[in-house]
Amino acid sequence: MTVDLDSAVVAKGAVAPPAPLPVLTANDLQVYYGDFQAVRNVHLAIPRNEIVAMIGPSGCGKSTVLRCFNRMNELIDGCRVTGHVCYHGVDLYDPRVDAVEVRRRIGMVFQKPNPFPKSVYENVVFGPRIAGVARAEFDGIVESSLRKAALWDEVKDRLKASALGLSGGQQQRLCIARAIASNPDVLLMDEPCSALDPIATGRIEDLMHELKADYTIVIVTHNMQQAARVSDRTAFFTVEVSSDSDRRTGVLVEYDDTEKIFSNPSDSRTENYVTGRFG
Amino acid sequence: MAVARVLDAGMADRVKVSLTGARDGRGFLFRTLLQLALLLTVVILAALLVQVLTLGWETLATRLGDFLTAESRSRAHEAGVFQGLRGTLWIGVITTLVAFPLGVSAAVYLEEYAPRNRMTAFIELNIRNLAGVPSVVYGILAYTIFVTLLRPVTGGKTALSGALAVAVLVLPVVIITSAEAIRAVPDSLREAGFGVGATRWEVIRSHVLPYAAPGILTGTLLSLGRALGEAAPLILVGAVAGSVGYSGGLLDPGQLREQFTAMPIVIATWSTNARPGFDQITAAAIVVLLVVVLMANAAAIGLRNRFEKKR
Amino acid sequence: MAMTDLPLATGVLSIGDLAGNRRRRGRERRVRRFFVAAALTSLVISALIVGSLAVEAGRFVLSVDLSALWTTGWFPREGFFDVKTLITATLIVTAVAMLVAGPIGFATAVYLSEYAGARTRRLLKPVLETLAGVPSVVLGFFALTWISPHIVQWIEPAAPLSNLASAGLGVAILTIPLVASVSEDAMSSVPRSLREAASGLGARRMTTSLRVVVPAAVSGLVAAAILATSRAIGETMVVLIAGGADQAQFTASPFQPSLTMTAAMASLAGGSDAVVGQGNAYQSLFFVGLMLFLITFGLNVAANRIVRRVRQKY
Ligand SMILES: Nc1ncnc2c1ncn2[C@@H]1O[C@H](COP(=O)(O)OP(=O)(O)OP(=O)(O)O)[C@@H](O)[C@H]1O
Ligand SMILES: [Mg+2]
């Protein structure tokens with residue numbers, strides 16, 4: 001009974017406004033960790049060349065949903081996904097689809113910068129190398145990826161130095177360059193700035209604006225101002241505690257233009273959250 | 001809160017008293033006792049080395065070359081450890097070729113491929129338990145399987161059977177230490193690899209194994225040291241206590257299919273020989289074995305310390 | 001329901017575009033199979049240990065005259081299989097070893113974890129590790145030629161050169177590093193905050209160590225003792241060399257030579273080429289082996305269970 005009611009609410013709120021061709025869509029997405037349902041009934045469409053922000057209180061399943069978009073969840077034992085996630089119209093969870101290929105096309109940047117303990121150069125070329133790109137192209141790929149990640153000028157003289165010697169902000173931009181080098185068209189970013197200082201954060205935000213021309217970006221953030229500054233659309237998730245058991249399930253409350261979410265949200269829970277009255 | 005306490009003058013005085021230790025007689029005694037225990041350990045090791053070196057010195061100083069190349073004889077001043085060295089060398093080679101690839105691969109499976117369920121946990125726990133089973137018990141297993149069942153392959157009581165016995169013995173230790181090294185690889189590194197579209201094997205080969213390599217190598221070298229010093233399983237497999245009939249050279253792989261002895265067996269046999277001069281050549285043989293075994297150990301410890309400092 | 005409201009992604013790609021590289025996937029499958037095979041091989045070998053022991057040991061129990069298991073000594077070639085000789089000797093050696101290695105190893109661990117600075121630790125740990133790396137034949141020789149004349153015969157001048165006490169002391173030296181390292185692990189995993197809380201109350205180092213750290217780490221220390229006991233029971237060469245393996249008469253005195261379970265196996269197998277075919281003598285090897293296996297495996301199970309519980313706690 002309650003479930004029906006909720007999903008109706010979600011459905012009403014989750015309808016995206018008319019938009020250009022979506023790159024990614026989630027239809028009726030449910031995610032379980034073992035017996036525990038982490039996320040329920042998510043409907044979401046992510047348009048091309050836009051930045052979509054996902055916000056919500058801790059534990060509401062933002063990372064979980066994000067990781068569904070490139071099948072990273074499969075690496076977690078016991079994680080199960082039902083519903084449909086489509087990428088340019090192809091169901092990502094179709095048994096004929098290769099998760100490795102999916103991850104090459106849909107790159108990911110993590111919360112904590114995680115460069116490989118190798119040289120800057122090796123970090124960038126790892127993706128192309130395993131994908132079988134010819135060695136002759138490596139130098140070009142390194143330069144263009146690092147330029148796109150706004151890091152080239154800072155590291156061009158130490159491409160052979162260890163990536164672990166870079167600052168946190170530089171490392172995170174290197175991770176972005178590494179993702180770009182595999183020639184994806186979507187970048188998933190899970191709280192990419194939460195380990196960085198305000199100046200490094202500002203640089204990454206500027207970078208995202210530039211990357212928007214070539215890529216579609218989905219970013220999870222806890223920083224409301226950041227969501228408001230960088231994103232075109234915002235999805236607000238929250239946790240619902242079921243009345244009979246103590247289970248906490250994440251739901252998508254509202255998905256709309258960022259401006260609307262922050263100025264005139266249609267759901268009271270969204271309003272409470274963005275005005276800081278909750279969470 | 002802790003700061004506020006220290007600022008309280010009375011407290012500060014009391015802390016000072018206990019820090020100087022001037023009035024803490026029992027604490028001083030306790031500490032001294034602990035230091036004595038530690039000193040005793042160091043003294044034991046020193047006594048052992050001094051005893052062995054003084055006894056073995058004459059043989060090593062006067063006829064080292066002869067001692068290393070002569071065969072086992074009944075008269076101490078003519079006897080040498082050549083046959084033992086040959087057996088130990090081949091045991092080391094086969095252990096390296098069998099136990100290490102197998103053990104490291106099993107560890108990779110357990111850590112990187114096996115589902116995290118109770119079955120895997122059960123298997124891991126039992127490998128840990130097997131690592132503590134006495135080496136002499138592994139000797140029986142080797143006797144049943146390698147000497148009896150697989151006689152056509154091993155040739156019976158040969159160096160190959162002995163080497164396989166030792167390989168099986170160190171296998172659990174190799175698996176455990178390698179698995180620990182692999183577990184210490186941060187997950188963020190794996191995620192980074194998968195995130196750019198690497199397959200599991202590509203992640204393992206390019207990131208997990210290189211990161212875990214020092215740890216794996218350390219565990220492997222320690223196991224090799226242990227393998228070279230083991231005698232009990234070799235006795236069960238039928239290592240020869242006296243002189244071996246086979247007369248191949250040191251590097252002749254023919255040894256694998258022939259009767260054999262090994263350094264630890266030579267030492268065990270000589271050490272219970274009461275005739276004059278045998279204490280001395282036993283000590284000399286021990287020095288030779290210790291040089292080999294402790295070199296493997298020192299390499300392992302050095303390697304670990306270097307990489308621990310780096311990370 | 002809501003799906004109809006969503007703008008559906010129009011197909012720009014087809015499934016074939018996302019099918020990935022066939023060759024790479026094939027290699028992935030082959031590599032995986034290789035690792036599975038390696039893990040299985042290791043498992044099978046382990047299972048064979050139990051199997052090969054159990055079969056022959058069972059035959060021994062069925063064929064032997066049970067009264068032969070309780071006589072005056074262990075003379076397998078003559079049909080005397082006095083189990084109590086072996087077990088008593090094993091207990092004596094283990095007890096001597098643990099009485100010495102326990103306190104020394106434990107004190108070493110307390111010092112390393114609670115008192116020693118980083119530099120001292122860096123100097124002393126290699127000493128322990130070197131000691132741990134010394135082959136047991138070497139300790140057998142040391143026990144026979146140094147410990148026995150200088151320590152045991154000094155305590156009990158009537159003792160013969162080969163005796164269980166010397167063997168026990170030799171085994172003690174082998175187990176000190178094990179006791180020390182497992183206990184130290186247990187004590188260093190006690191959270192720093194607990195120590196700070198104690199010293200915050202003005203407790204002295206000794207009080208903190210004995211009243212706070214040791215009780216918090218007690219299960220780890222118990223595990224260390226159990227593991228060392230298991231190691232001592234299973235030690236072969238020291239006992240074979242220093243304990244008087246040719247004497248298989250029952251004795252309850254640590255100053256007499258006798259046979260432990262491990263030494264009995266080694267001396268029976270090493271004594272003559274003709275073990276095979278000797279019927280009961282050959283099978284008694286498996287019987288003793290199985291006993292040893294069950295005892296040590298049981299002890300390890302107990303110890304590892306305790307260690308795991310401690311890990312979960314912190
Ligand atoms: N590997 C896992 N195994 C089991 N449960 C998990 C796992 N990862 C996440 N969860 C659970 O799923 C729910 C959603 O987690 P998720 O990490 O997606 O939240 P989040 O919104 O990203 O939170 P945060 O803002 O703190 O990053 C939480 O209740 C969490 O406990
Ligand atoms: Mg998250």
Practice task
For each of A:P117, A:A131, A:C175, tally heavy-atom pairs with chain B at distances under 4.5 Å, and name the one with the top tally.
Solution key: A:P117
Exercise for the section: Indicate yes or no: at least one non-hydrogen side-chain atom of B:F100 is less than 4.5 angstrom from one of B:L224. Expected result: yes
Handout entry: A:P184, part contacting chain B, at a heavy-atom distance under 4.5 Å
Key = neither
Exercise for the section: Examine distances only and state if a side-chain atom of A:R103 and a backbone atom of A:R71 form a donor-acceptor pair shorter than 3.5 Å. Expected result: yes
Completion exercise
So, the part of B:R200 with a heavy atom under 4.5 Å from chain A: the answer is side chain
Practice task
Starting at CG of A:L188, measure out to CD1 of A:I217 and round the result to the nearest 0.5 Å.
Solution key: 10.0 Å
Exercise for the section: Run the ring-centre check on A:F116 versus B:H207 and record whether the distance is less than 6.0 Å. Expected result: yes
